[in-house]
Amino acid sequence: MKSRKFRVGIIGGGGIAQSVHIPGWRNLPEVEIVGISDLSEATAKKAAAAAGGAQTFADYRDLLKLDLDAIDICTPNKIHTPAALAALNAGKHVICEKPLAVSTAEVREIGKLADKKKLKLMTAQQQRFTQSGRAVKAWIDGGNMGEAYHARVRAVRRAWLPTAPGFIDAALAGGGPCMDIGVHALDLCLWLMDFPNPVRVSGTAKTVFAKGHDMPNMWGEWDRARYSVEDFAAGFVHFDNGATLVLEAAWMCHQTENEELLAQIFGKKGGVKWPNAEFATVTNGAFAQGTLTHPVHVERPHWNEIAAFYDCVVNDKPSPVPWTETIKVIGILEAVYASSQQGKEITLKL
Ligand SMILES: NC(=O)c1ccc[n+]([C@@H]2O[C@H](COP(=O)([O-])OP(=O)(O)OC[C@H]3O[C@@H](n4cnc5c(N)ncnc54)[C@H](O)[C@@H]3O)[C@@H](O)[C@H]2O)c1
């Protein structure tokens with residue numbers, strides 16, 4: 001008798017679904033992608049073909065009527081919350097692209113519903129599943145860093161501004177580079193620091209270049225009239241254990257690097273940088289330093305992340321990226337925006 005496969009539905013069949021989520025699911029022999037929902041029929045059909053012949057739906061509520069084990073959400077950010085709530089209410093486990101939601105109220109609502117329904121919920125933070133992420137985490141867990149007292153987080157591009165409405169229209173994106181790429185480096189850094197509680201945040205968020213024509217964009221032209229998110233943000237965070245963190249996120253700025261993604265943590269015994277996995281310390285009174293990884297030819301962190309979600313569902317393990325961690329990441333980013341708007345430091349109670 002043929003055993004039943006693990007049945008997955010995907011909401012949002014665009015870029016990230018086709019490039020990495022569908023291949024990641026298809027890499028798991030016990031999984032079948034049963035249905036795909038997208039507002040665009042052509043996109044849904046293309047994704048369904050890539051998925052090996054899934055059914056297609058314009059409205060994700062029709063997809064949720066199918067017998068499915070899990071839903072994978074790959075829509076623009078602002079659709080994450082309604083889609084996740086609907087999927088959980090339909091009894092499906094949920095993996096959702098970052099950011100899980102663009103406000104702490106929404107993260108809490110989704111998380112509490114998953115807990116109440118005893119369903120798995122995972123934010124797709126693939127950087128935790130890179131070789132360098134794992135190597136730096138293992139080095140820290142091995143006691144090499146000691147107490148972390150400060151961190152630097154950068155997700156800063158010279159001129160890679162995403163042009164799709166889902167990224168630049170605030171009604172769909174809910175935020176600019178903070179929510180798009182800052183969320184990656186910040187999640188990674190907080191994970192490496194064991195998620196201390198953020199208590200105070202001051203920040204700034206502004207649109208410096210994206211409304212004008214000063215900067216060439218390596219991804220081409222964009223709709224300046226529709227552009228309604230920041231293109232630069234910075235923040236300063238205090239944690240309840242006394243540690244601090246500085247954050248910078250930008251899609252455009254004058255720097256020589258095309259992109260810098262960085263989490264650098266200063267500990268009392270040693271310091272470490274991700275993603276290049278360099279460490280610095282002192283051994284027997286002498287400076288010591290090195291690199292924790294070797295270059296990898298092919299790395300598929302999204303595939304690893306999807307495999308980890310599948311494993312947590314079928315083997316009833318804790319979520320690899322639980323909402324109780326995600327809410328600290330989103331809490332900081334939300335407070336950067338609030339501080340910028342209100343012109344004062346924000347006190348966080350998460
Ligand atoms: N982890 C990463 O490295 C990474 C990279 C890129 C994007 N993302 C995230 O993935 C998500 C999607 O980004 P993308 O680049 O694939 O965007 P995209 O625009 O290529 O695809 C999004 C798709 O969602 C569809 N959609 C919109 N509303 C919908 C609805 N109500 N029901 C069903 N489908 C709907 C759109 O038609 C589109 O095809 C975003 O949240 C983004 O932050 C993550």
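Both ligands and their constituent atoms are indexed starting at 1 by order of listing.
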Tell me, which protein residue and heavy-atom name are nearest atom 28 (N) of ligand 1, and how many Å apart are they?
Leu39 CD1, 3.4 Å
Is His302 close enough to touch ligand 1? Criterion: a residue heavy atom under 4.0 Å from a ligand atom.
yes
Classify the angle between the aromatic ring planes of Phe6 and Trp25 as parallel (below 30°), tilted (30 to 60°) or perpendicular (above 60°).
parallel
Looking at ligand 1, is there an atom of it that comes within less than 4.0 Å of some heavy atom belonging to Gly166?
no
Checking Lys328 against Asn197: is there a side-chain donor and acceptor pair closer than 3.5 Å?
yes
For His80, state whether at least one heavy atom is located under 4.0 Å from any atom of ligand 1.
yes
For side chain to side chain donor-acceptor pair (under 3.5 Å), just list the numbers for Gln131 and Thr293, CA-CA rounded to whole Å, side-chain angles, deciding distance to a tenth of an Å, and then say yes or no.
CA-CA 7 Å; Gln131 189 211 176; Thr293 54; 4.8 Å; no
Going by the side chain to side chain donor-acceptor pair (under 3.5 Å) test, name the single residue among Asp231, Asn217, Asp180 that passes it with Trp251.
Asp180
Ring-face cation contact, Trp160 with Arg158, 6.0 Å cut, 45° max
no
Below 3.5 angstrom, do we get any N/O pair linking Tyr60 and ligand 1?
no
Is the closest N or O pair between Asn77 and ligand 1 shorter than 3.5 Å?
yes
Counting both backbone and side chain atoms, is some N or O of Gly15 under 3.5 Å from an N or O of ligand 1?
yes
May I ask you to identify the nearest protein heavy atom to atom 3 (O) of ligand 1, giving residue, atom name and distance to one decimal place in Å?
Gln126 NE2, 3.0 Å
Over 60° means perpendicular and under 30° means parallel, so tell me whether Phe266 and Tyr149 are parallel, tilted or perpendicular.
tilted
Any protein heavy-atom neighbour for atom 19 (O) of ligand 1 (distance below 4.0 angstrom)?
no
Run the salt-bridge test on Arg4 and Asp69 with the 4.0 Å N-O cut-off and return the result as yes or no.
yes
Please state which protein non-hydrogen atom is closest to atom 36 (C) of ligand 1 and give its distance, to 0.1 Å?
Asp38 OD1, 3.5 Å
Is Asp115 salt-bridged to Lys112, cutoff N-O under 4.0 Å?
no
Geometry only, no angles: is Ile16 polar-contacting ligand 1 at N/O separations under 3.5 Å?
yes
Would you check whether Gln18 reaches within less than 4.0 Å of ligand 1, judged by its heavy atoms?
no
re atom 15 (O) of ligand 1, the protein heavy-atom contact at minimum distance is Phe167 CZ, 3.5 Å
Which heavy-atom pair separates Trp222 from Gly212 by the least distance, and what is that distance?
CZ2-O, 4.1 Å
